[in-house]
2 protein chains.
Amino acid sequence: MEDTVFWEDIGEMIRVLVKRFGILNANCCDTCCGEEVSPAQSHIILEIGKRSCPSMQDVAKCLCMDITTFSRQIKTLEARGLVTKSPDPGDKRINLLALTPEGTQVRNKINNHMREYLNLLFSGMTEFERDTVVRSVKLLSEALENSGICCFR
Amino acid sequence: MEDTVFWEDIGEMIRVLVKRFGILNANCCDTCCGEEVSPAQSHIILEIGKRSCPSMQDVAKCLCMDITTFSRQIKTLEARGLVTKSPDPGDKRINLLALTPEGTQVRNKINNHMREYLNLLFSGMTEFERDTVVRSVKLLSEALENSGICCFR
DNA sequence: AAAAAATACTTGTAAAAAACAATTAAAAGG
DNA sequence: CCTTTTAATTGTTTTTTACAAGTATTTTTT
């Protein structure tokens, strides 16, 4: 009884939190990168940046994007000079993705923006609170990882 | 130096976390509600459910949705019998939104789904860890609230 | 080694979502 | 009153998304 209310509550909070960060991300894409990338594209850029020469499948799967949609997004990003696509020497079916210097710049802009925002967010907290939050983010990350529900990996 | 890496790291974790919950929500919309609502629509339904007779503007603003996009979404939801729109007696420009019984059912389905998932997520944690996470979600919620950056309110 | 199946990716096409401009209607402020 | 603001809708275009089908390459099977 009490428990139901509790879960409803915490679920609602997480929903709002996630929605807010999502909006933040969308705004960031508009604001910090000169309107050149959409939220979906920013995810792609960050994900390519995080890995080393991932294939299209790798990135598309980890973002749960339809491969055809993904293919077209990459086409756009390539045309804008942010991403390169090069055939895998060992398997000609596969295209390996990488960021161009411009793409890396965009990546840095996005990361800086996020960092500034987190700084602002954490600045209103005590050291203890900050640590609590950081630990929780890690905990949740791991729990999500292990739950295996989502294709993100 | 060390700090930069730290922020980059935690920023990345939050990004992935948020993305994952977003995907989870999208999947939920497909799975738990018989494909009848999109993620955007699920947000609208939950937000209407949370408030008492909000206006279109209220909900659209809090979700950072363009009012014209929102207007059409409401039209769809109304056509599907999930939401009602009734003119404000005090101001004829305003339409007040509410969930129909069917809409409320969908809302409950979504909430149940989220609760089940959270249960699963938390079941792998110790009592202490769970408390940490819950406290952090609250902390982050409040910090976001106070940062005033996002239009969500 | 040849045929069949699977994998990686692209293109055609259609539907849905999103956004800008313009419009209607009502309220608020001089 | 008349002007301005606010709430919402409709017209229109662009963007996003996704299914179906197709090509090319690799792997599996017999």
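Reminder, nothing fancy here: chain letters follow the sequence lines and each chain counts from 1. The analysis underlying the following values was restricted to heavy atoms, covering all of them including side chains, and did not include hydrogens, waters or symmetry mates.
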Between P of C:dA18 and CG of B:Leu63, the distance in whole Å: 11 Å
For the helix from C:dA1-D:dT30 to C:dG30-D:dC1, what angle lies between the axis at the first five pairs and the axis at the last five pairs, to 10 degrees? 30°
With no hydrogens and no angle check, is any side-chain donor or acceptor of B:Ser136 less than 3.5 Å from a backbone partner on A:Ser136? no
Measure CE/A:Met65 against C1'/C:dA8 and give the value in whole Å, please. 16 Å
By nearest atom, which of the nucleotides D:dT9, D:dT16, C:dT11 is closest to the A:Ser71 side chain? C:dT11
Just how far, in rounded Å, is P of D:dT9 from CD of B:Glu78? 8 Å
Given D:dA18, C:dC9, C:dA21, which nucleotide is nearest the side-chain atoms of B:Thr68? C:dA21
Given C:dT11, is OP1 or OP2 found less than 4.0 Å from the side-chain N or O atoms of A:Lys75? yes
B:Gln57 vs D:dT6: side-chain N/O to OP1/OP2 distance below 4.0 Å: no
Please give, in whole Å, the distance from C:dA25 C1' to B:Asp88 CG? 15 Å
Closest listed nucleotide, where the reference is the side chain of B:Ile67 and the choices are D:dT9, D:dA18, C:dA18: D:dT9
Ion pair A:Lys138/A:Glu142, N-O distance below 4.0 Å: no
N/O (side chain, A:Gln73) to phosphate O (OP1/OP2, D:dT17) under 4.0 Å: yes
In whole angstrom, give the distance that lies between atom CG of B:Asp91 and atom P of C:dG29. 12 Å
For the residue pair A:Gln57 / A:Ser55, report whether a side-chain donor-acceptor contact shorter than 3.5 Å exists. no
How many whole angstroms separate atom CZ of B:Phe70 from atom P of D:dT6? 19 Å
Whole angstroms only, please: what is the CG-P distance between B:Asn95 and D:dT6? 18 Å
Just by modelled atom types, is the B:Ser38 backbone N or O under 3.5 Å from a matching donor or acceptor in the B:Gln41 side chain? yes
At less than 4.0 Å, is any side-chain N or O atom of B:Lys85 found next to OP1 or OP2 of D:dT9? Yes or no. yes
Out of D:dA8, D:dA18, C:dA27, whichever nucleotide has its closest atom nearest the side chain of B:Lys92: C:dA27
Atom CE of B:Met56 and atom C1' of D:dT9: how far apart are they, to the nearest Å? 8 Å
Quick one: on DNA chain D, does A:Thr76 or B:Leu96 contact a more 5' nucleotide (nearest heavy atom)? B:Leu96
Please report the shortest heavy-atom distance between B:Phe70 and B:Met56, naming the atom on each side. CE2-O, 3.5 Å
Quick one: which of C:dA26, D:dA8, D:dT25 gets closest to the side chain of B:Arg93? C:dA26
Where the side chain of A:Thr100 meets the backbone of A:Gly81, is there a donor-acceptor pair that is under 3.5 Å apart? yes
Verify same cluster id: A:Phe21, B:Val134 (apolar side-chain graph, 4.5 Å): yes
What about A:Leu96 and A:Ile44, same hydrophobic cluster or not, with Ile/Leu/Val/Met/Phe/Trp/Tyr joined at side-chain heavy-atom distances under 4.5 Å? no
